[in-house]
Amino acid sequence: MTNSSKTIAVVEDDAGVRTALEQLLRSAGFQALTFESAEAFLARSGKEQVHCLIADINLPGMSGVELVKGLGGNGHRLPAVLITGRRDAATTELAREAGDVPRLYKPFSDSALFEVLGRIMHR
């Protein structure tokens, strides 16, 4: 499967980060779908056609961790990466609740993101 046949959903409330990630993913040949909230992603039909999820840990409403856990709990095991700009104890503890989900701290490099995506999408 080539990158162009893989769809990555980005759930990020910061419009600038969301747009930058969309452009980066598209430049690498991925299909990219963007959402400003977990609820907007969940409302989308065709979620089963998404190959990977990049979600901000600290979203308004449902957090990225709750989103990842909820998808896993519904039998929809979706490779995911959690991203955050916060390095405080509460965010670290929240991220641990997601289990074995890699996380990246903003700002992260393009190569760090692609390394994680390559690892989790080929499990």
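Model, not experiment: these values are computed from the prediction.
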Asks: Any sub-3.5 Å donor-acceptor pair from Arg26's side-chain atoms to Ala32's backbone N or O?
Replies: yes
Asks: Check whether any side-chain heavy atom of Leu33 lies under 4.5 Å from a side-chain heavy atom of Val10, and answer yes or no.
Replies: no
Asks: Only one of Ile57, Leu82, Asp88 forms a side-chain contact (heavy atoms from CB on, under 4.5 Å) with Leu94, so which one is it?
Replies: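 Going through the options one by one, the only one that passes is Ile57.
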Asks: Are the side chain of Arg86 and the backbone of Thr91 linked by a donor-acceptor contact shorter than 3.5 Å?
Replies: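 No, Arg86 side chain to Thr91 backbone: no donor-acceptor pair under 3.5 Å.
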Asks: With a 4.0 Å cut-off on N to O distance, would you call Glu115 and Arg119 a salt bridge?
Replies: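 Here Glu115 pairs with Arg119 in a salt bridge, since their nearest N and O are under 4.0 Å apart.
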Asks: Consider only side-chain N and O atoms of Asp13 and Ser37, and report whether a donor and an acceptor are under 3.5 Å apart.
Replies: no
Asks: Could you check Asn58 against Thr84 for side-chain hydrogen bond (donor to acceptor under 3.5 Å, both in side chains), going step by step and ending with a plain yes or no?
Replies: CA-CA 7 Å; Asn58 298 297; Thr84 185; 3.3 Å; yes
Asks: Mind checking whether Phe30 and Phe114 have parallel, tilted or perpendicular rings, split at 30° and 60°?
Replies: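 Phe30 vs Phe114 ring planes: parallel.
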Asks: Could you tell me if Arg87 sits above the aromatic ring of Tyr105, with its cationic atom closer than 6.0 Å to the ring centre and no more than 45 degrees from the axis?
Replies: yes
Asks: If the threshold is 4.0 Å, N to carboxylate O, is there a salt bridge linking Arg96 and Glu93?
Replies: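 Salt bridge flag = yes for Glu93 with Arg96.
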Asks: Determine, stepwise, if the pair Ile54 / Val11 fulfils side chain to side chain contact (heavy atoms under 4.5 Å, CB included).
Replies: CA-CA 6 Å; Ile54 299 171; Val11 182; over 6 Å; no
Asks: Are the charged groups of Glu39 and Arg44 less than 4.0 angstrom apart, N to O?
Replies: no
Asks: Is the backbone of Ile8 close enough, under 3.5 Å, to the side chain of His51 for a donor and an acceptor to pair up by distance?
Replies: no
Asks: Can you measure from CG (Leu25) to CG (Leu113) and round to the nearest 0.5 angstrom?
Replies: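 Interatomic distance, Leu25 CG to Leu113 CG, rounded to 0.5 Å: 6.0 Å.
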Asks: Under 3.5 Å, side chain of Asp56 to main-chain N/O of Leu59, donor-acceptor pair present?
Replies: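 Not at all, since once roles are kept as given, no pair shorter than 3.5 Å links the two residues.
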